[in-house]
Amino acid sequence: MGKRKAPSRENTPNSDFCEFLTELAEYEKNVSRNIHKYNAYRKAASVLSSHPTRITSGQEAKKLNGIGEKIAKKIDEFLQTGKLQKLDNIHNDSKTTAINLLTQVTGIGPAKAQTLVSEGITSLEDLEKHKDKLNHHQLIGLKYYHDFQQKIPRNEIKQIENLIRGHLEPQIHLTICGSYRRGKQQSGDIDALITHPNYTSSQPKKKQNLLKNVVTALQNCGLITEIISLGDTKFMGACKLDKNSITRRLDIRLTPFDQYFCAVLYFTGSDMFNKQMRAHALDAGFTLNEYTLRPVGSTGVPGEPLEIHSERDIFDCIGFPYKEPQDRNQ
DNA sequence: CATCTGT
DNA sequence: CAGATG
């Protein structure tokens with residue numbers, strides 16, 4: 001059914017350049033293991049993406065911060081031929097395509113994909129033949145490759161949310177974040193945040209078993225079907241609404257009560273929105289992260305975390321007009 | 001940054 | 001323990 005590449009439509013005068021630069025960046029990161037070239041390409045894409053006018057030559061591009069000889073040359077080539085030789089080669093390179101495929105299996109990153117390919121393992125079928133080369137996480141990734149590839153309809157998440165809530169002690173707060181909270185009709189996975197009034201950053205030991213208890217309860221009711229990893233504060237695994245449902249990726253994190261709203265805000269995103277909001281906080285003299293909102297003294301050092309009792313508090317404190325999750329999409 | 005894994 | 005992964 002559904003395939004790969006997300007049709008993310010950009011729209012800036014230089015978006016076509018950004019597109020090939022980010023593709024080059026990914027190639028450098030995943031195939032060559034060159035993090036410097038990777039960074040070089042992405043900063044170039046980044047300056048270009050915010051440049052207000054169309055770049056019409058490599059020479060002009062070169063004036064921008066982060067664009068040097070080599071990228072300028074590629075811009076010229078692209079301007080003249082409408083494509084990039086290097087990119088064509090990459091597309092036709094079987095090693096590259098194999099790595100890109102393997103990397104889609106959760107638990108397999110660029111490093112593991114490299115070694116698999118070097119051992120001649122380049123397809124899902126190959127992986128099936130060599131399960132002995134995979135760890136627990138990767139085995140789950142392989143087993144549910146097709147399921148995990150599927151988007152999750154909002155309504156299904158809603159049902160899962162209710163089911164989870166039904167198995168939590170009343171004291172436990174639950175928020176499903178991510179694109180679901182932003183109102184999207186589909187999501188890639190389910191990102192749940194929970195907290196409990198007795199579990200705070202000052203008494204982190206207190207509800208030490210809370211997460212594990214929740215996970216076993218959800219296992220017993222049949223919702224959680226696989227555990228990828230489980231620690232004191234973070235669970236990663238899979239769940240299935242009922243007998244004939246598709247298996248879905250589910251993450252649950254336990255956050256201290258006093259940091260819950262910063263976490264909810266952060267994990268709701270979007271990434272773009274978070275960046276804007278953090279920037280605004282900085283201008284207003286605060287530093288905002290996934291845990292706390294703190295005033296920044298003119299000395300430059302952050303003070304004590306402000307007490308936050310809602311997401312709104314955070315907006316109010318930094319004088320940022322409140323946005324409903326639905327309009328935090330960019 | 002939390003968790004897992006292999007050395 | 002370092003390195004990989006999400």
Does any pair with a residue in residues 33-61 of chain A pass salt bridge (charged side-chain N to carboxylate O under 4.0 Å, His left out), and if so which ones, sequence neighbours excluded? Asp16(A)-Arg54(A)
N/O donor to acceptor pairs below 3.5 angstrom from side-chain atoms of residues 233-242 of chain A, sequence neighbours left out:
| from | atom 1 | to | atom 2 | distance (Å) |
| --- | --- | --- | --- | --- |
| Lys240(A) | NZ | Lys243(A) | O | 3.3 |
| Asp242(A) | OD1 | Asn244(A) | N | 3.3 |
| Asp242(A) | OD1 | Ser245(A) | OG | 3.0 |

Taking distance alone, no hydrogens or angles, what donor-acceptor pairs closer than 3.5 Å link side-chain atoms of residues 164-174 of chain A to residues at least two apart or in another chain?
| from | atom 1 | to | atom 2 | distance (Å) |
| --- | --- | --- | --- | --- |
| Arg165(A) | NH2 | Leu174(A) | O | 3.0 |
| His173(A) | ND1 | Gln171(A) | O | 3.2 |

Segment of DNA chain B, first to last nucleotide, that comes within the 4.0 Å heavy-atom reach of chain A: dC1(B) to dT5(B)
Could you note down all residue pairs passing salt bridge (charged side-chain N to carboxylate O under 4.0 Å, His left out) where residues 250-277 of chain A supplies at least one of them, sequence neighbours left out? Asp191(A)-Arg253(A), Arg249(A)-Asp251(A)
Ring pair (Phe, Tyr, Trp, His ring centres under 6.0 Å) pairs touching residues 70-108 of chain A, sequence neighbours excluded, are Phe17(A)-Phe78(A), Phe20(A)-Phe78(A)
Clusters formed by hydrophobic residues whose side-chain heavy atoms approach within less than 4.5 Å: which one holds Tyr260(A), and what are its other members? Leu193(A), Phe261(A), Val264(A), Leu265(A), Tyr266(A), Phe267(A), Phe273(A), Met277(A), Phe286(A), Leu288(A), Leu293(A), Leu306(A), Ile308(A), Ile314(A), Phe315(A), Ile318(A), Phe320(A), Tyr322(A)
Between which nucleotides of DNA chain C, 5' to 3', does chain A make heavy-atom contacts below 4.0 Å? dA4(C) to dG6(C)
Would a 4.5 Å heavy-atom cut-off, applied to side chains only, mark Asp189(A) and Arg248(A) as touching? no
Under 4.0 Å, counting only non-hydrogen atoms across every strand here, what does Asp232(A) touch: a base, just sugar-phosphate, or nothing? sugar-phosphate
Classify the nucleic acid contact of Tyr291(A) as base, sugar-phosphate or nothing, counting any heavy atom under 4.0 Å across all strands shown. sugar-phosphate
Ring pair (Phe, Tyr, Trp, His ring centres under 6.0 Å) pairs, two or more places apart, involving residues 207-233 of chain A: none
